[in-house]
Every structure is written in C-alpha cells, then in structure tokens.
Amino acid sequence: MAAKYIPNEIEKKWQEKWAETGLYRVSEDSPRPKYYALTMFPYTSGDLHIGHWYVMAPSDVQARFKRMQGYNVLHPMGFDAFGLNAENAAIRQGIHPYTWTMQNIENMRRQLKSMGAVYDWDREVITCQPDYYKWTQWFFVKLYEHDLAYRAKAPVNWCPSCQTVLANEQVIDGLCERCDTAVIHRDLEQWFFRITKYADELKEHVGIDWPERIKIMQRNWIGRSTGTEISFALDHPVVDEKEIRVFTTRPDTTSGVTFMVLAPEHPLVPKLTVPERKAEVEAYVERSRRQTEIERLSTEKEKDGVFLGSYVINRLNGEKVPIWIADYVLLRYGTGAVMAVPAHDERDFAFALKYGLPVIHVIDRTDGIAKSFAMAGTMRPGLKQSLEAANITFIETSNGGLYVTLHGDDQIDRYIEMVKSSLLPGSWVEIVGSRWLFIFASEEGVTVLPFDSIDADRLILAKCKELEPNVRNRRTVMEMLWGLEFYHDMLFHTEYGTMIHSGPLTGTPGDQTINTVTEWMEQQGFGHATVSYRLRDWLISRQRYWGAPIPMVYCDKCGIVPVPEEDLPVLLPEDAEFRPTGESPLAYNEQFVNTTCPQCSGPAKRETDTMDTFMCSSWYFLRYCSPHYEKAAFDPEKMKYWMPVDLYTGGAEHAVMHLLYVRFFIKALRDMGIVHFDEPCNRLYNQGHIIAEQRKMSKSRGNVITPDEYVIDLGVDTVRVYFMFLGPWEQGGEWDDSGISGVRRWLNRVWNLVIEEYTPRVESDGVRTELQRTTHQTIRKVTGDIERLRFNTMIAALMEFTNYLTKIRESSSVSQADWNEAIEKLMLLLAPSTPHVAEELWEQTGHYYSIHSQDWPQWDEELAKEEEVTLPIQISGKMRDKITIPAVLASTITKAELPQFARERSTRIAEYLEGKKIKDIIYVPGKILNFVVE
RNA sequence: GGGGAAGUGUCGGAAUUGGCAGACGAGCAUGACUUAGGAUCAUGUGCCGCAAGGCGUGGGGGUUCAAAUCCCCCCUUCCCCA
C-alpha cells in the first residue's frame, strides 16, 4: 500500500526546497518573453483573511501557468503599509505605528508564504520603509516641478472622528469610509495634484483590455459634459464684478430663467445680500455648512433656499432675475452658480412652486398636446356639441365643466376659435401645454394673452385675481395652474423641442437648439461653448503622522521650496506624539518642523502634512522591477523590460480611486519622459468578493475568517482549489465551507490514482485512442480556462479527467506507457493549482525536480477531435431521440438522405415520422437534426 | 432618479454564446466494505405522473424550425453614481 496523502508534510517539505533552490527567483536576463502578473498588494490592517486569499490564490495559479508556458514571469508581493489604521491603533493602544505595521506584515507574510505562491520575496516592497517613501517624495517634487502639484485653500471633507481630510472618494453616503462618522466641510490650505489636466485622456481607455464596467465607472466619475457658459449681467453698487457666470447643458432654455441660484458658500453671497435679509441668509449659510454633501443633494429632502434681495439681468431677454442661494448648488461643481429654468428642470420647478417664483415655458412639447379646462358657467351652451363635431376629446364634470385635451395645432386653433365665441364676459380660459395662452372675455370683447414672460405672468395673474376670488392667494400663474391636477403633466418637461418665447431664437427646431443658441450667444458676447468635469483635482494632504511627509519647506524669504533630492527622504521622526487634534502630530514636533531653507539656508518650516496613501500605491509596481535600486525610484532598464503590467488583478472597489490615480500617475511620468508607455496595465481583471454574513469581511465587523485553520486541517492545495471551484472568480459570493471536503476527497483520489500501481490487462486500441482524445481535450479545456481566468470550470474539467482515469484503471485496458503518459499530463495540468501535491507526485513517480520548471503540455487538435458525434433529433422542435454517428458522416450527409437515415437508425424517430408529412428539415452538422412535420 | 451586473435543482454553480438544460461538486437516499473514518466504493437524485408522457432556467408577451441565451414590458437582489 502506497503512502497516504498527508498535506502538511509535503507542503513544508516543498516550500523549504523551493526557497532553498531559489526556484522562484526572477531575473531580467532570460531568453523567455516577459510576463508581469500583478495583484493589488494588501493593506497592512492585520491578519490576512480568506478574502485576501480569494484575490491571490487564483492570480498565483495564472502566474504559475504562464511560467510553465515559457514566460519569464514577475509575480511580486508587497505591502501598502502607511495609513490611518496604524495610527488609530497607536492612539488606542499606545503602540508605535511602525511596530504595529511591521508586526502585521510579519504575520501576513507568514500566511502568504503558507499559500505556496511563486512570489519572489527578494522583491518585496513595503511603502512605509524610508528606502521606498524617499521615492514617493521624489515623485511629489517631480509633480511639483512640472506644475502638477499646487497648494490651494479649499473646502474639504473633514472627518471629525478621524480628525483628517478625506478625498471625495473616501466619503461614502456622507460618512467617513473608515469610521462611518458624518463628514463636514472645512476650509484648509491643501496640496492638490492636477489630475483634471488629464481628464480627457483618462476618459478614453486606448489600447487596453479593461472590463467595460470599470471603463464606464471611470467615465462617469470623470463626468465630462459639454455645455455653455453664460454670463448674466450684474449691476450692483457694492460689487466690483459685473457678471455672474453659470454653466449649463441646456442653453436653449435660457430665456426661461426666472431665478438664479448660488451655492451658499459662494464668495459673492455676503456682498449681494441686502441688509434686511442679512440675518436670514447668514443663518442659512451656517446651516448648510454643517450639512454633509449627501444631505444637501439628497432627492428625498425638499429643496429650500433664501432670496438675497439682489438681481442679475438675463442678457437674452433683458429680464431681471432674482438671486437665491440654495444648498443643492455646490461651489465645487461648475461655477458654483446655476441658472434656474423651472419650466424644464424638475428640481427648479419644485423650488419655484415652493417660493412662488414664475415658471415660463420656452421649449415646445414634442407631442403637440395641449390641455384646457372650461370651467362650469364660463361658456355659452353649445361648446360641447362643437367639440364633438370637431372630434376633440374631453371629459365633462358633474356640474358641466369640460376637461379638454387637444392633439395638434389644428385642434388647438379650432378650439381657440370656439372658445372665443363661447366665452362669457367676465370669464377666462387658459390653454396649456403645446400652447400657452390665456383668453379673457369682457363686455368690450375677447383678449388673448400669451403666457410668455415674467411680465406676462404678472399681468395675467392680476387679471385672474380680479375675476376670481379663489386665486387671490396665488403668487404666480403656475401656482394657480398647479391647483388643477388635470394640468400636472403639462406644466414641466425636460425634452428637447422647438424654442418658443425666446425672442430672436424662437422657432429654432429641437435638434439644432444647443448649437444655434451657443453660436448666437458667442456672437452677442455673453456665452460660449465649454466643457465641464465632475472630476476634481486630487487632494493629497493628510493631517496625519503615518504617511510619507510632503517634502516641502516654507521659507519667509524664498516661499515654497521643495526638498532637494540629496536631502530625501524627509524622515518621519520616531518620537511623535499621537493626539487626535486635527493637526498632524508632526506639527508639534519642533525638531521636525524647524529646518533651514534649501535655497537660502535661512530658518524655515517644514510642511507637516503627509501624503494620501494612494500616492504610495500609484507607483509600487514600478518599484517591484528593481526593489533595491538606490540611484532612483527604479532602474530604467529593468522598468523598460517589465513594464507595462500584462495582467492586473484586484477588486472593483478601486475602480475610481486607485485605478484612476495610477493611470494619471503614469501619464504624468510619461510627459516628464520618465516612462515610455501610456497606460500602466494592458489587461485588468476584477475578481469578486468573498463576503461573510452578507458583508465584506473586516475586523471591526468581527466577521473575519482566516485561511489558517483550513490550511492546517485540509492542506493548502485543497484551500487553493476550493477558492477556484466556488464559482466564477469575478462573481465572488458568500463564504460557505460546506463543499471544501469534496475538494479534499478529490485530491485524495488524485493522489491514489497516481501513486497506486497500475497493471495493464487487456490492451485495447479503441480505449487507447479514447484516452488520448480525452487527455488532449482536457489539456485544451484547462489551458483555455486559465487563459480566460475561468478557474471554476478548469477545476471541474480536471475532476472529470480524474473520474475518467479512474474508470480506465478499473478496466486496465491501456498499456503501462499510455497510462504513464496520461498521468504525467494530469500532474502537469495540476501543477499551477495544487503546486505541492503535483511536486510530490512528480517526485514519487520518478521525475526530476521540479515539476514547476516543466513545459506546459500542448494539445493536438487532431487527437482531440471526436470520432463520433451524438446527434440529437427533434420532431418539430421537441427532442425525441439521439443517435451516435461517425463525425465524418455528420459533415457529409445530405439533407435528402436524412429522413431515411434517421428512420433506419432510430425506431423511435421512425414511429414519430410514421404517416407524417415532413415540411422542413433543419440540419446543423453534428449539432442538431430537426424534422418539422405537419 | 440614472448607470452597471445578476436571477437556472435542496445548495455552489455548468451550458463551446441561438442547437441534448442541470457538467463538476455539495447535500440527500439506498446498498457494499471495514483496522468504525473528517473514511472509501457503487447506484440513484429538477418537478408532476404507476406509465406513456407532460412541465420546467424570476413573471408576462414576442421573434425563431429551435430561446437560460435575442427583443419588449414587469418583479427581485447586489454594486456604482446622484
């Protein structure tokens, strides 16, 4: 009896041997083509959990596969080691962030080693080590020198609990990403990277194979919108500015502007506030400052605002437009001011109704529908009959009022004529929707007033109030119309249509409005086409200790001076004091703060903020190319050899942060001449997430599951395979270990299959060919699946192959040589997935060390080809029988021969066809045969 | 509200992209074996039906000789953005 499979023994044995012999040491002087397989490095938060393994184990399989395929594979590992977690631990437990981080790394490294990956540990990169962050700082200076880093005062997201600034991306639903505290706004002097300079290039993903959904997310995040910047005239005694500019994507609606809204923190607000409104305005500004962005933009919340008491002039029609502030306008977006067109924007419409601001329609409906309500007692008898005669639809109320719906200009015109003659003096009727008219009748005659401007609104409302006491409390015509539910669907729309009520531009058709209006405004000199982005510059300052210090010095004489390369790194002092004050602990460290100016050698102060950790992770893949290089961030030759990355795997949660920053970084370096390519990685793949108890695993939630016990219990190869076998990699899913023993059982079977002696008995040529065919089909399937990162079906194929080989062993019907060959292929196919088992079996079957240095098996398309095919036969689309025929025949048989052929081969089919007339025969060679019968 | 992904047995999932639905594994059932194990092996296992057969891929409609797959409407879940 052969030795049993005892995972822990062979795992230890081979991991030691691989390390001793330097099996996975990577160098650049190889005749093989290079392959850079990068996995997002982990953040040093503590233990690795199975979520990390789910990311790393399949990547390792892919890298091993590429290695066997003959590539010189770089598949490195490192640690993203700066960041808030370490510092928070320091505050809570009094342990220095460096100590805490390095302890974590030690444990994580141990766990990673137990996974048996191909990582070349000589290339490990740790971002919090001075020899790494020296170069992080160096890149900062480079960006500064190329005008891609600048300092500005800006309202920033501030987490009161973490006491630090957060990037927009770190604010989730108005809460801090890390501690779920509500984020507030604060003005601070900050460092920014000019990522917006690259917005257009980042929006395109030229020449790279990235998942469509990531590209879409990045495009949405960048949010490029083309529109028009329009100037509104400002004539105010105490304000120097003579205009307020707004950005809009709907310049065609400009003549419908009935008010303007500024962000509460807009610098003009104090000056534009009239004294009697000062208290109200200040209170509102104060309140919105305390609110989170998400509260301000929430659609559930009713929009509110305050009138400043000042006006701008709409240069299109000369109308005086009141200026309001409202918190749904953000200073960061566009110009911090928007023109409000309540007739064609839902939010503005609600705002106008709430505050009694006029609503003027300036874009025609495209469906040509108009509505009118003829109130009971306002019409002479006979209108009903006229409407019926004209085929106009209406609903009569119990007291004789008519709800009229008009379709098209003809009906509207005819209706106007009918109304003109039917309307009783002292009454009015309005037509809304595809026409905006008020018809008034008095003893003197009939007056038709177009509802087309703010003045018209005033005039019409006054006349209505005279006639009807019920509407005397209405502030606008629209408020009056809104009182009638029948009209609701007519009162605002956001479609593009022909312009109306727009002076010289009236009549411009809907498909030309944007261009025509913008050109016209350009000629008139108060508007121009422009592009606006949602993407903001990347704020990188963090008021924290545990990050790379920003290498800048402030000198009274020379101003802002970067630290020269020979003085880098600016080291973090070891004796920092950790207090949650909101300022970097570095600010209290006098030895750190006080320095001399690199230019004039006079006394100067250091920048005390540190960098966002996304800066550290923006170039770590470059460092892997030459991790010990001292003269620069990387050895240019080695970088040229390895970069760009061939396959980058990691979670989709980095879609708009890390993955956008990395691309920006590379583009910036390219423009500086430091790198030679446009994109950091050619192929990106996002695996899904393993969740536990419906949530992502995290220490704070207490739902962390570590791989360690599974490894001790079942062996690491089983764990690796189980992660792959769970389901499609990109999908992730809830952790459930109920199937893991199945994988272990399978590996047991594999083990026994290979180890136990095989004795041929009756050799059969037929079985031999079949064995060969199955082997080659398996090689083809496994190769294709790893290439496409479909690990679950790859494992299933290997299981099927083992099941098949078990049957062959039972029949003992192939020669020893044929058996050995099949087993050898099986071991090679297993090598990337179960490196330890494969290596041990390789040795036990008398092969030389190491299986991982062997060539990946090739398949022969001819040998893999089926000799016979199973042909399903349908009668009128229903599956009735299957017949097995030679593959050659399947492709040569003619349609005419088929009915007879099928009858001969299948009595069932013959019965079904008995007495039936065949209307049609569908035959897809080797796939399906379908007789369509009467 | 907008954008994206998904919905298949008891469960995880498969289906070469329009051609045998349910591969592979788990679970369950029955049996065999035994140095009684976290075994191992064999057989069965979508639903209804004694059967012939019928029904079945979230629901409803459509295209097609043929739909899990394509089109339209609706429902549910997850992710991203407002």
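Just so we're clear, the structure is a prediction, and the values are computed from it rather than from any experiment. Each chain gets a letter, A, B and so on, in the order the sequences are listed, and its residues count up from 1.
For the P atoms, the distance from B:G25 to B:C41 is 11 Å, rounded to whole Å. If you take atom C1' in B:G60 and the same atom in B:C65, they sit 24 Å apart, rounded to whole Å. Comparing B:C33 with B:C28, their P atoms sit 22 Å apart, to the nearest whole Å. Remark: the separation of the P atoms in B:C71 and B:G18 is 11 Å, to the nearest Å. Spacing between B:U57 and B:A23 at atom C1', rounded to whole Å, works out to 15 Å. For B:U16 and B:G7, the C1' atoms lie 23 Å apart once the distance is rounded to whole Å. Distance noted for atom C1' between B:A14 and B:G61: 29 Å (whole Å). B:A29 and B:U77 have their C1' atoms separated by 33 Å, with the value rounded to a whole Å.
In this structure, the side chains of A:I755 and A:Y5 stay at 4.5 Å or more apart for every pair of heavy atoms.
Closest to the side chain of A:K927, out of B:G25, B:U16, B:A14, is B:U16. Closest to the side chain of A:N803, out of B:G13, B:C24, B:G19, is B:C24. The nucleotide whose nearest atom lies closest to any side-chain atom of A:R745 is, among B:G12, B:G19, B:G27, B:G27. Between B:G27, B:C65, B:A15, one nucleotide has an atom nearer to the side chain of A:R790 than all others, and that is B:A15. Across B:U40, B:A23, B:G3, the shortest atom-to-atom separation from the side chain of A:E800 is found for B:A23. Nearest to the side-chain atoms of A:R534 among the listed nucleotides B:C81, B:G27, B:G12 stands B:C81. For A:P872, counting side-chain heavy atoms from C-beta on, the closest listed nucleotide (B:C81, B:C20, B:A39) is B:C20. Here the side chain of A:R213 is nearest to one of B:A42, B:G19, B:G4, namely B:G4. Ranking B:G4, B:A21, B:G27 by closeness to the A:S741 side chain, first place goes to B:G27. Of the listed nucleotides (B:C24, B:G19, B:A26), B:C24 has the atom at the smallest distance from the side chain of A:F725.
Residue-level contact check: A:D920 touches neither bases nor backbone, having no heavy atom under 4.0 Å from any strand. Contacts of A:L714 with the nucleic acid, taken as non-hydrogen atoms under 4.0 Å apart, include base atoms. Across all strands shown, A:R908 has heavy atoms under 4.0 Å from sugar-phosphate atoms exclusively, and none from any base. Across all strands, A:I922 comes closer than 4.0 Å to base atoms (heavy-atom distances).
Across all strands shown, B:G46 pairs with B:C55; the Watson-Crick or G-U wobble distances both stay below 3.5 Å. A 3.5 Å limit on both hydrogen-bonding distances identifies B:C75 as the Watson-Crick or G-U partner of B:G7. When Watson-Crick and G-U wobble pairs are counted only if both distances are under 3.5 Å, B:G1 pairs with B:C81. Partner assigned to B:U16 is none, using Watson-Crick or G-U wobble distances below 3.5 angstrom. Judged by Watson-Crick or G-U wobble contacts below 3.5 Å, the nucleotide B:G31 has B:C41 as its partner. Taking a pair to require two hydrogen-bonding distances under 3.5 Å in either a Watson-Crick or a G-U wobble arrangement, B:A21 remains unpaired.
Minimum interatomic distance between A:I909 and A:A902 (heavy atoms only, all atoms of both residues): CG2-CB, 4.0 Å.
In this model, the phosphate group of B:G2 is not approached by any side-chain N or O of A:R219 to a distance below 4.0 Å at OP1 or OP2. The side chain of A:N792 contributes no N or O atom lying less than 4.0 Å from OP1 or OP2 of B:C24. Applying the 4.0 Å criterion to OP1 and OP2 of B:G13, one finds that A:Q731 has a side-chain N or O inside that range.
Figure legend: A:R790 and A:W729 shown without cation-pi pairing, the cationic atom not lying both under 6.0 angstrom from the six-membered ring centre and within 45 degrees of its axis. At least one cation-pi condition fails for A:R663 and A:W538: the charged atom is not both under 6.0 angstrom from the six-membered ring centre and inside a 45 degree cone around its axis.
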Determine, stepwise, if the pair A:F725 / A:W746 fulfils ring pair (Phe, Tyr, Trp, His ring centres under 6.0 Å). CA-CA 12 Å; A:F725 192 55; A:W746 172 58; 8.1 Å; no
List the steps, then state whether ring pair (Phe, Tyr, Trp, His ring centres under 6.0 Å) holds for A:F349 with A:W482. CA-CA 11 Å; A:F349 185 77; A:W482 187 254; 5.3 Å; yes
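Per the geometry, CH2 belonging to A:W735 stands 13 Å off P belonging to B:G13, to the nearest Å. Spacing between atom CH2 of A:W746 and atom C1' of B:C41 amounts to 19 Å, rounded to whole angstrom units. The separation between A:R744 atom CZ and B:C24 atom C1' is 20 Å, rounded to whole Å. Between the P atom of B:C80 and the CD1 atom of A:I214 lies a distance of 11 Å, rounded to the nearest Å. Rounded to whole Å, atom P of B:G4 lies 21 Å from atom CD of A:E653. Taking atom CD1 of A:I216 as the reference point, atom P of B:C80 lies 16 Å away to the nearest angstrom. Rounded to an integer number of Å, the gap from OH of A:Y804 to P of B:C24 is 15 Å. For the pair A:K882 NZ and B:G19 P, the computed distance is 16 Å after rounding to whole Å.
Against the 90° criterion about 0, the sugar-base torsion of B:G9 places it in the syn range. Glycosidic conformation of B:U64 is anti; the angle lies outside 90° of 0.
Taking the nucleotide of RNA chain B with the nearest heavy atom to each of A:V743 and A:G727, the more 5' of the two is matched to A:G727. Ranked by how close their nearest RNA chain B nucleotide is to the 5' end, A:M217 and A:T793 are led by A:T793.
In this structure, A:H776 contributes its side chain and A:R773 its backbone to no donor-acceptor pair below 3.5 Å. Of the possible donor and acceptor atoms, one in the side chain of A:N8 sits under 3.5 Å from a partner among the backbone N and O of A:I712.
More than 12 non-hydrogen atoms from other residues, nucleotides or ligands lie less than 6.0 angstrom from CD of A:E653.
Contact of A:D713 with B:G38 (side chain to base): a donor-acceptor pair of N or O atoms is detected under 3.5 Å.
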